[in-house]
2 protein chains.
Amino acid sequence: MTVPDQRLEQMIAAMQRAGRRLTPQRLAVLRLLAQGPGHPSVEQLHAAVAAQFPSTSLATTYKTLAMLKELGQVLELAFADGGCRYDGRRPYPHPHVICTRCGAIEDPEYSSMERLYQEMTEKSGFAISHHRLDFFGLCPRCRGEG
Amino acid sequence: MTVPDQRLEQMIAAMQRAGRRLTPQRLAVLRLLAQGPGHPSVEQLHAAVAAQFPSTSLATTYKTLAMLKELGQVLELAFADGGCRYDGRRPYPHPHVICTRCGAIEDPEYSSMERLYQEMTEKSGFAISHHRLDFFGLCPRCRGEG
DNA sequence: ATCATTGCAAATACTTTGCAGCGTT
DNA sequence: AACGCTGCAAAGTATTTGCAATGAT
């Protein structure tokens with residue numbers, strides 16, 4: 001069983017636990033999030049789902065994402081321009097690197113999260129529970145293109 | 001001259017450099033950003049400006065903030081719920097700690113930014129230029145209230 | 001006096017919601 | 001069979017824009 005399939009199983013299990021129904025439209029969204037490329041937008045997801053089920057509405061895509069968010073099965077990355085991207089593979093907070101030219105989003109490994117939480121906790125006195133870390137710049141490909 | 005006054009002077013100087021006019025409405029916005037409390041929302045800024053110039057429109061507040069953003073004189077913090085908060089004191093990227101109960105935003109000192117950039121650069125290969133670091137949790141006051 | 005800025009209102013873009021009918025469980 | 005889900009369209013919400021009048025330089 002591949003890793004993406006594990007994610008799909010996890011998502012389905014979470015839905016069953018919560019008593020949510022697994023419709024074909026929803027299954028298509030789950031598959032895309034678990035197995036599809038990187039960090040899709042709502043429109044991209046909707047277009048891909050509509051390719052399989054042409055009648056699928058944008059509203060249903062939004063509703064499915066809202067449900068998955070509620071179940072903690074997808075990480076929503078809202079950006080300043082109003083757009084959102086979704087990460088179904090790693091639905092927990094983690095750092096992102098975002099290309100300011102082509103929009104690519106990557107998930108680099110990061111080893112010092114504990115240290116970071118510790119420093120923020122010490123300096124602020126907050127009980128920190130989660131985070132959002134975004135780094136912006138040019139990806140290797142776009143760097144090369146001057 | 002106090003530190004907030006320095007910020008006000010910097011903002012005004014940046015506007016003059018760019019050939020922008022300093023209207024009473026704009027001055028009121030600048031003052032609030034440079035001297036007022038923490039991280040106001042557009043509505044809060046508009047309400048405060050309207051207290052001095054009742055006819056001031058929300059559109060003008062938006063336009064003024066857009067101009068300041070363009071001049072690099074204010075940091076816009078867009079959140080997932082669609083709301084924005086503005087930081088006129090420290091208009092450059094820096095970490096924030098946000099209380100998930102009362103919405104308070106603080107700017108803790110942070111010492112390891114270079115290290116962080118270095119690790120992200122190494123792991124991703126990106127040429128990183130700026131960032132957005134948000135930590136969420138309960139502030140000391142809200143922790144106490146159970 | 002010039003022309004950027006203002007304020008109103010309409011437009012935009014995105015997301016949410018109400019509801020009748022459908023289809024999974 | 002029950003009732004959660006879908007799809008349509010309408011309603012929100014937050015921000016932007018067009019334009020005539022205003023006012024800072």
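Note that the structure is a prediction, hence the values are computed from the model and not measured.
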_I'd like to check B:Arg90 versus B:Leu75 (side-chain heavy atoms, cut-off strictly below 4.5 Å). Are they in contact?_
no
Calculate the interatomic distance between [X] atom [atom1] and [N] atom [atom2]; express it in whole Å.
| X | N | atom1 | atom2 | answer |
| --- | --- | --- | --- | --- |
| A:Leu65 | C:dC14 | CG | P | 15 Å |
| A:Met15 | C:dT25 | CE | P | 9 Å |
| B:Leu30 | D:dA24 | CG | P | 15 Å |
| B:Tyr62 | D:dA14 | OH | P | 7 Å |
| A:Leu27 | C:dT25 | CG | P | 10 Å |
| A:Phe53 | D:dG7 | CZ | P | 10 Å |
| B:His46 | D:dT13 | NE2 | C1' | 17 Å |
| B:Ile12 | D:dT25 | CD1 | C1' | 15 Å |

*Just by distance, do the side chain of A:Arg143 and the backbone of A:Gly137 share a donor-acceptor pair under 3.5 Å?*
no
*Does A:Phe79 have A:Arg132 sitting over its ring (NZ/CZ under 6.0 Å from centre, angle to axis within 45°)?*
yes
*Please test B:Glu76 against B:Lys69 for salt bridge (charged side-chain N to carboxylate O under 4.0 Å, His left out), starting from the C-alpha separation and ending with a verdict.*
CA-CA 7 Å; B:Glu76 182 183 70; B:Lys69 241 190 297 178; 3.0 Å; yes
To the side chain of [X], which of [options] is closest?
| X | options | answer |
| --- | --- | --- |
| A:Ser57 | D:dG7, C:dT25, C:dC8 | D:dG7 |
| B:Arg20 | D:dG7, C:dT5, C:dT24 | C:dT5 |
| B:Lys63 | D:dA2, D:dT6, D:dT17 | D:dT17 |
| A:Arg21 | C:dT5, D:dT17, D:dG4 | D:dG4 |
| B:Arg26 | D:dA9, C:dT6, D:dT16 | C:dT6 |
| A:Thr23 | D:dA2, D:dT6, D:dC8 | D:dT6 |

*asked:* Counting the atoms with a prime plus P, OP1 and OP2 as sugar-phosphate, which does B:Leu58 contact under 4.0 Å by heavy atoms, base, sugar-phosphate, or nothing?
replied: nothing
*Between B:Met113 and A:Tyr117, is there a shared hydrophobic cluster once you connect ILVMFWY residues whose side-chain heavy atoms come closer than 4.5 Å?*
yes
*For B:Gly83 and for B:Gln25, locate the closest nucleotide of DNA chain D by heavy-atom distance; then report the residue assigned to the nucleotide nearer the 5' terminus.*
B:Gly83
_Quick check: on DNA chain D, is the nucleotide nearest A:Met67 upstream (toward 5') of the one nearest A:Ala59, or the reverse? Name the residue that is more 5'._
A:Met67
_Pick the closest DNA chain C nucleotide for A:Gly82 and for B:Thr56 by heavy atoms, then say which residue is nearer the 5' end._
B:Thr56
*Taking only the side-chain nitrogens and oxygens of A:Thr60, find out if one of them lies under 4.0 Å from OP1 or OP2 of D:dG7.*
yes
